[in-house]
Amino acid sequence: MKFAPGAWKYALVPLLAAPFALLYSATVGLVAVALGAGTLVFFRDPERTPPPTGIVSPADGTVSVLREEGDRVRLGVFMNVWHVHVIRAPFAGHVTDVEHIPGANRPAFSKESDRNERVHVRLESDTPHLPTAPDEGGSDADVTLIAGAFARRIHPYAEPGDDVTRGDRIGHIAFGSRVDLLFPPSVDREDIAVSVGDSMTAGETVVLESSPHPRDEQADRNT
């Protein structure tokens, strides 16, 4: 099984302590083993296969936010401890910026999470893969990795200037969080293919229908 970077750093301490803990108490030793094994499960990084077309969810979890903010639509996916916490690119494009914003660590499902620590990964796409307005400036979409009550580390993989294909890994969050996808102004709420409460699979669940992108088609031919 593949793991996200940093998995062994967190898991080794309880796993190495387990034999010594067993000398003191079988219960304490088993708890240490469980903590180590649970950490590795938390950092699991399974392969995903994007569908032929469509903008895909950037995260595993449940849709907790779907709202209009001015002329843009925000989709938020809340991740529980049992979800995979590796974040994926929702569409093929170009990374224009990666911005880290310090903040609090409130529960990711609460309204106060809008002030939490976060990392914005801004992606620029080619039409017609993601609809864009002719006079629209700036990046097409923002993927925002938000720290939760127990999350203390956000690890972006992408850097400004990188090209990504749909479903590529662009980061992970250690221990509980939320991921938001802010669509460009050309996308209406009625265009979104999911609703609040729906279960998401990163890199596979279609959240917005789209036409094929040349980079995706080339990736499909190479697999």
Side-chain angles (χ1 to χ4, degrees), residues 1-19 30-63 76-95 98 100 108 117-121 123 143-148 150-181 198-207 213 215-223:
M1 179 184 293
K2 184 175 182 178
F3 300 104
W8 288 104
K9 178 180 71 174
Y10 292 105
L12 275 178
V13 173
L15 290 176
L16 291 175
L30 291 174
V31 169
V33 171
L35 283 174
T39 299
L40 291 177
V41 170
F42 182 89
F43 278 86
R44 68 194 185 281
D45 184 8
E47 296 297 329
R48 297 288 167 79
T49 304
T53 61
I55 309 304
V56 295
S57 174
D60 283 21
T62 303
V63 177
V77 181
F78 173 69
M79 294 183 287
N80 253 315
V81 293
W82 56 80
H83 291 123
V84 173
H85 278 58
V86 175
I87 315 306
R88 294 175 179 267
F91 55 84
H94 182 74
V95 179
V98 177
H100 175 259
E117 177 183 1
R118 64 196 59 218
V119 170
H120 296 292
V121 180
L123 299 171
V143 179
T144 303
L145 289 65
I146 304 172
F150 299 102
R152 292 297 184 269
R153 295 290 184 273
I154 301 176
H155 303 275
Y157 301 164
E159 297 181 354
D162 287 352
D163 289 320
V164 296
T165 60
R166 191 165 44 114
D168 276 358
R169 299 168 176 88
I170 60 173
H172 82 271
I173 312 174
F175 305 114
S177 46
R178 193 180 96 202
V179 175
D180 286 4
L181 174 56
D198 287 354
S199 179
M200 302 285 101
T201 300
E204 294 186 349
T205 302
V206 173
V207 299
H213 187 283
R215 198 174 292 140
D216 288 334
E217 292 179 330
Q218 181 64 42
D220 290 339
R221 285 195 292 269
N222 293 337
T223 58

Mind checking side chain to side chain donor-acceptor pair (under 3.5 Å) for [X] and listing every partner two or more places apart, or none if nothing turns up?
X: His120; value: Thr144
X: Asp162; value: none
X: Arg48; value: Asp60

### Query
Does the side-chain contact (heavy atoms from CB on, under 4.5 Å) test come out yes or no for Glu204 and Thr49, once each step is laid out?
CA-CA 6 Å; Glu204 294 186 349; Thr49 304; 4.3 Å; yes
[atom1]/[X] to [atom2]/[Y] distance, rounded to the nearest 0.5 angstrom?
X: Leu145; Y: Ile87; atom1: CG; atom2: CD1; answer: 5.0 Å
X: Asp163; Y: Leu123; atom1: CG; atom2: CG; answer: 10.5 Å
X: Phe91; Y: Ile55; atom1: CZ; atom2: CD1; answer: 6.5 Å
X: Arg169; Y: His155; atom1: CZ; atom2: NE2; answer: 15.5 Å
X: Met79; Y: Arg178; atom1: CE; atom2: CZ; answer: 10.5 Å
X: Ser177; Y: Arg118; atom1: OG; atom2: CZ; answer: 12.0 Å

### Asp198 and Met200, any side-chain heavy atoms less than 4.5 Å apart
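Met200 vs Asp198: side chains touch.
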### Val84 and Pro46, any side-chain heavy atoms less than 4.5 Å apart
yes
I'd like to know if the side chain of [X] reaches the main chain of [Y], judged simply by a donor and an acceptor atom lying under 3.5 Å from each other, with no hydrogens or angles considered.
X: Arg166; Y: Pro51; result: yes
X: His85; Y: His83; result: yes
X: Arg88; Y: Thr201; result: no

Atom of [X], atom of [Y] and distance for their closest heavy-atom approach:
X: Val206; Y: Thr53; answer: CG2-O, 3.7 Å
X: Val77; Y: Ala59; answer: CG1-O, 3.9 Å
X: Ala89; Y: Val56; answer: O-CG2, 3.8 Å
X: Ile154; Y: Ile146; answer: CD1-C, 4.3 Å

### Query
Just one of Pro90, Ser57, Pro58 clears the side-chain contact (heavy atoms from CB on, under 4.5 Å) bar with Val179, so which one?
Pro58
